[in-house]
Amino acid sequence: MSTILLFEQILNGLQFGIMLFLMAAGLTLVFGVMGLINLAHGSLYMVGAFACAAVAAATGSFWLGVAASLAAAAAAGAVIEVAVIRRLYGRDHLDQVLATFALILVFSEGTRWIFGSFPLYLNVPASLSGAVILPGGVAYPTYRLAIIVVGIIVAAGLFALIGKTRIGVQIRAGEADREMIAALGIDIARLYTFVFALGAALAGLAGALVGTIQSVQVGMGEPVLILAFVVIVIGGIGSIKGALVGAILVGLTDTLGRFLLPSLFATMMSESDATSIGSALASMSIYILMALVLIFRPRGLFGATN
Amino acid sequence: MTRETTVNIALAIALLAVPIGAQFADHPFIITLSTKVAIFAIAGVGLNIALGYGGLISFGHAAFFGLGGYAAGILASQALNYEPLVTWPFEIQGTTQMLIIWPVALCICGAAALVIGAMSLRTGGVYFIMITLAFAQMIYYFAISWPAYGGEDGLSIYVRSKFPGLNTLDPITFFAICFALLIAVLGFSVLLTHSRFGLALSAARQNPQRLTSVGVRPFQVQLTAFVISGMITGLAGALYADLNRFVSPAMFSWHTSGEIMIFVILGGVGRLFGPLAGAALFILLEHLLGGITEFWQFLLGMLLLLIVLFARGGLIGLLAGGRGNV
Amino acid sequence: EPVKVGMITTLSGGGAGLGIDVRDGFMLALKQSGNNDITVVIEDDQRKPDVAVQLADKMIQSDKVDVLTGIIWSNLAMAVVPAVTQQGKFYLSPNAGPSALAGKGCHPNYFNVSWQNDAMNEAAGKYVSEQGVGKVFLMAPNYPAGKDMMNGFKRFYKGEVVEEIYTKLGQTDYAAEIAQMRSSGADMIYYFLPGGMGISFMKQYAGSGVTVPVMGPSFSLSQDVLGAIGDAAIGAKNTSHWSKDIDNEANKKFVETFQAEYGRLPSIYASQGYDTALLLVSAAAKADVKDADAFRAALKEADFASTRGKFKFGPNNHPIQDVFVREVVKEGDVVTNKIIGVAATDHTDVYAAECKM
Amino acid sequence: MSKLLTLENVTAFYGASQALFGVNLEIGKGEVVALMGRNGMGKTTTIRTICRMLPHSSGRIFFAGQNLEKMPSHKAARLGLGLVPEGRRCFSGLTVHENLLAASRDGYWTFQQVSELFPRLSERRDQFANTLSGGEQQMLSIGRALMTNPKLLILDEATEGLAPVVRQEIWSAMFKLKDEGLSILVIDKSLRELTAIADHCAILEKGATCWSGITADLVPDITDRYLGV
Amino acid sequence: MSSAILEVEDLSKRFGALMASDHVTLDLRPGEIHALIGPNGAGKSTLIKQIVGELHHDAGTIRFNGRRIDDLDAEARAKMGLARTFQVSSLAPEISALHNVLLAVQAVEGSVFRFFKPVIRDKKLVAAAMDNLMRVGLQDRAMVRTADLSHGERRQLEMAIALALKPKVFLLDEPMAGMGPDGSQQLTKFLARLRDEAPILLVEHDMDAVFALADRISVLVYGQIIATGSVDEIRNSKKVRSAYLGEELA
Ligand SMILES: Nc1ncnc2c1ncn2[C@@H]1O[C@H](COP(=O)(O)OP(=O)(O)OP(=O)(O)O)[C@@H](O)[C@H]1O
Ligand SMILES: Nc1ncnc2c1ncn2[C@@H]1O[C@H](COP(=O)(O)OP(=O)(O)OP(=O)(O)O)[C@@H](O)[C@H]1O
Ligand SMILES: [Mg+2]
Ligand SMILES: [Mg+2]
């Protein structure tokens, strides 16, 4: 195996990681910081992708589509928060699980109702198509580099919002003790609606950007949901830095696992056994990673101790 | 008698009456559906011990459901093919006897729950949710890609396992077996929650520090509950394999974990009959709505939303009020 | 004599498009046949094997159907078919042909009106060898159907397989695999990725700058996904037993009426649903479904005008049919497939030999 | 004369069980009022109704000229209620500084000001609130209430768990605040300090006001009867 | 050979740059009330946490009845007879007050791993639990959900649980906190008698109670014991007055 391929795969892993971060960013806010279990995160991701595809098809402009994805997902998020989530704050956490599970059904089938059962067309805009040549001669898709850039911007923005602003502090305070923060004069309900909508918008943005190089179809949000939870938990709930590091770890593990495990086993056994054991292990790899991280650091890599 | 007890008894009678009525009206499929309700209720009762009483939100109970199912499936299919299950160090034959399959399934699931639980209990809260999911997903992907027992295609067992003196292929008989087991695990669950152990378990959920300071290790209490919980869910898995005469890796998928959890929450977390109420309503809705429109899941979602918004404490809470078990 | 049909297919969730195509094709043919004695019960299996099994039970026990059909996915077929045939009912497969049901597990009451998993790939292997492609790179999801397909390809392929990878089922990002393709030195990529997986892969492949030609069985590039892939698919080849440009009366009628009825181009799944209904109608005209032996014989004759032209059943009740090579082209605004050659004539699968019935 | 806070015959329930049976209370501008009563008599519950953490079911509550009846908690707080709750309730997972920042509103009290009152808090600026010692948490809770720059400071057992020196500091801080014209409603177990600072006292028995008046009238006979001392 | 039940020697604990315990040496003798006072954040609760095993010390030894217990985990130490109350009540909120006490009683009277017999039917256990509720005056509130108790009542419940453990040593972290004036007086009288059951290490900021009860007082400042002595000695110590008591109380 050439070093250039290994280098390219490491780059792919990093890129995949940042893409995962982008997909998890909204959930970091809603789940990591506000402490809400939102299973419908994947649905908001799907809403973003569909909004982008529909608007891009209607107007011919990818960028209008991206704007639409933000708007549609944020609106959906705000509606969900006001109509459903807000009524559940005083309840058992598990009621959120049931309610947002119900929302998955509503969104999936609602989307299918509106857009039909067949995947939609959404493709990379001309300005970002093609590949650039990286040092070392690797051709790398421009669009993926653009995703890295957006992912890093989102990470920095979230980090600043949560760690450095008063709003961020108030959200976290609200998670610790909702009644108390209200008694201090903060309109926690409005704040939560805002943050939930922001989280939804981020999910929608990810749906549009990532959906562009994947399949825009009903059900596209489900794997995203699980992956996003994995990423956040590995990094430590509530930590933006953790989510980013977690995402990159997952990205690298998954990519390199897929790439290296089969050839690793090939040195020990027959080719076909190696392929099947290697691929089986590769598909388990991120879960093995998560279990190991949690066994040794029960609160994730950057989770608050205690 | 409290209102909740009345509701519980009514539910049990309803579950018994429906298939009996169906038997007379010659609607065998209603019996199958009722059996499915009973089986998922058993799985839910199992999960409820960990989740409701112990506060251990396991998102990985599909692991036990699937292991129970595969235990039954593999034993039966080996027996049907006359292939020994293990040849070394000594030969073990497959079997189609429920009375052998069940203990085997219980043991396997208990052992798995012991290992998974011991590792998972190092964490807590949301981390526990995710680490249990991780273990279940590992098994899921393993089952999908491991060719020996059919991989993602699953394993057909063609016949239903046997119970001495009964014709298990007769739907109503098989229902009766499942129903009896459901009542048994419900009974066990009542005793458990009111026992010394139940009190310690509920304290471990509410305040582990308090338990420690009276000299009891929360870890041991919670691990025991997790093992019991996994075993009961595994038993349900074994029955489910017999109901379908088929097992597949889908039993291990996170959808299954989610579904069992939804049954418990829908019925009412920590309510004795919650899992039964939840499973019954969900399966009923699935059955009734399916015929109405192609987009029936949209309606299902809407109905579930209404229930969660307006029924505090799940269905049992709606029907019986109160706070549930202490 | 009335025939009651139970259709179990996927109508909700991500895979619904396929089930809907099968259903629409089936119902179209039924409508055109004018046979009012055939009634159909349709249920959604949610793509869950256990639900499918229970629906089969329900249809047999409560709806008292005579014939079942509709399943899209091999794993669901594996769950349902044995249960159905064991209870003496007929099963007509409009899609999915797992090898286990073609060989040892074959059954006189199980008729496959679509294809056996390996078949299109065997034809592809043959075609690719004939074209003189020396090195191929194989990729499929890591599950039995994926392995069936790749094994089928390798069975007839004479060149070198430089790399064979099995990806996670449902995987959405293929950057790592594409990098391996780039560096593998292969002359062709042969892949099987149905549904969303195939869409993701083709889009990413087109953006990667790798120019090795790609080919696959028709599912990877069927009409239901081509719209979503768009121009990125143009030039890719695939093998199929059906194409909308097969030149015969039945097919012309099918393509035209399907478009008129549903406002979209038919996919292979629609054609299979259509053919399945035609087969059923032809058998119902000849024999009473309550007379199982007669009905079985009538089915076996396959006396209907298939959209594929000639169609007959082999000894294991799987089709013997021609396999075409198609290329993705753009006709006006629409991205679609066009036949460019024949990969195999009267092709049958290899499992027939293992089938004892 | 318009009072800052008025409670007229307030009753309240926890679910089905009644906790307040008729509480009357008045606080004028710049006044310090002590709310007394044995354990479980409804002091905290009274405060929860004032701060809208618990709705009252009958009676009326006015603050700063506004009827609080339908007002959500945060709006009432913005009228100028600053609460130091029973049991501190610092935001765990937030640092000391963040705890204060979360509550801050424009006015005299800033992080600077609070640090001067409790130097210990600035020493522990970046420590998580849940790892503070009990007394430190109490200081933080008081500081947090001050950061909202309230018109009425409500202290529910705010000196609980504080070292005598610190307690003295807090009392002297309260005297200072009183001199600056801040109104205070205070619950505390130390009768000595209460009677020193309060203009008026109200005593609760079984959820109802059973005695109220100016502090000078709080004779041993009454404290003995209602407070057991 | 000392007569002390509990001996803490040279115990040290560090949180980052902070020495929360700085070579603390302290003992508790049979029948005595040993009060531990000191400014907020001095390390009193931290010391109790180390003694009961909730926190691990960095250095030093802890002996109980002459036996080293540093390596035992918290549950084992509780079982040996160390009962503590928490500075901030730590109870199971959703069960009744009675059940909270039952939890302690059943842990003392054998195993919790009994799965079938309902606890509430076990007359012996219930009687023992009610007895302890009675001792703190909570008998009328026995069936009330713990979360519905008032703050002061929860403090009393903490005490009842400690009693139910029938310990050999009481470690009480601010038991007076949250009690009304009358409650404090009653508790003072109660603790004065309790010392005959088992010696008490008492952390308290209520100086009236401390001066009334303590046989010995140790003063902890910045993790160090700066003085140990009788009530009068401590009262009159200049060091203690400036560090902790303030002028008024002296
Ligand atoms: N959340 C609750 N649910 C039900 N009852 C409650 C709740 N909180 C308090 N109570 C009850 O209401 C009554 C008044 O309680 P409250 O907390 O107001 O007393 P308090 O005067 O503040 O007492 P303390 O001095 O002990 O803090 C008590 O009998 C208590 O048990
Ligand atoms: N986990 C921790 N991390 C960092 N610092 C800690 C931690 N736990 C306690 N501390 C610090 O150690 C010091 C001692 O705390 P401790 O709770 O023992 O004080 P205390 O003497 O009980 O005070 P009080 O009388 O106020 O309760 C405090 O300054 C506290 O902030
Ligand atoms: Mg109070
Ligand atoms: Mg302390």
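Per chain, numbering begins at 1; letters A, B, ... match sequence-line order.
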For [X], is it the side chain, the backbone, both, or neither that has a heavy atom closer than 4.5 Å to a heavy atom of chain B?
X        : answer
A:Arg87  : side chain
A:Phe107 : neither
A:Ile37  : side chain
A:Leu94  : both
A:Ile104 : neither

Which bit of [X] comes within less than 4.5 Å of chain A, counting heavy atoms only: side chain, backbone, both or neither?
X        : answer
B:Phe135 : side chain
B:Ile139 : neither
B:Ile144 : neither
B:Ala311 : backbone

Side chain proximity check, [X] to [Y], heavy atoms < 4.5 angstrom:
X        : Y        : result
A:Tyr287 : B:Tyr140 : no
B:Met302 : A:Val106 : yes
B:Val269 : A:Asp95  : no
A:Ile295 : B:Ile131 : yes
B:Met130 : A:Val230 : yes
B:Tyr127 : A:Ile237 : yes
B:Trp254 : A:Glu222 : yes
A:Arg299 : B:Thr123 : no

Tightest non-hydrogen contact, residues A:Ala102 and B:Gly301, listed as CB-O, 3.3 Å
Heavy-atom closest pair, residues B:Val308 and A:Leu88: O-CD2, 4.2 Å
Run the side-chain contact (heavy atoms from CB on, under 4.5 Å) check on B:Val126 and A:Phe31 step by step: do they pass? CA-CA 10 Å; B:Val126 175; A:Phe31 171 69; 2.9 Å; yes
Distance, nearest 0.5 Å, that separates [atom1] of [X] from [atom2] of [Y]:
X        : Y        : atom1 : atom2 : result
B:Phe295 : A:Arg112 : CZ    : CZ    : 5.0 Å
B:Tyr141 : A:Ser279 : OH    : OG    : 13.0 Å
A:Glu109 : B:Leu299 : CD    : CG    : 9.5 Å
A:Phe229 : B:Ile129 : CZ    : CD1   : 8.0 Å
B:Arg312 : A:Arg91  : CZ    : CZ    : 4.5 Å
A:Ser283 : B:Phe142 : OG    : CZ    : 11.0 Å

When you look at B:Arg122 and A:Leu294, which way does the side-chain contact (heavy atoms from CB on, under 4.5 Å) test go after all the steps? CA-CA 8 Å; B:Arg122 294 176 55 88; A:Leu294 290 183; over 6 Å; no
Set out, in order, the CA-CA distance, both residues' side-chain angles and the distance that settles side-chain contact (heavy atoms from CB on, under 4.5 Å) for A:Met290 and B:Gln137, then state yes or no. CA-CA 11 Å; A:Met290 172 159 79; B:Gln137 288 290 89; over 6 Å; no
If you tally heavy-atom pairs under 4.5 Å against chain A, which of B:Leu51, B:Leu309, B:Leu303, B:Leu266 wins? B:Leu309
Looking only at B:Thr293, B:Leu305, B:Leu304, the option with the highest number of non-hydrogen pairs under 4.5 Å against chain A is B:Leu305
Working note: B:Ile265 + A:Phe101, criterion side-chain contact (heavy atoms from CB on, under 4.5 Å); need CA distance, chi angles, decisive distance, verdict. CA-CA 11 Å; B:Ile265 304 172; A:Phe101 167 79; over 6 Å; no
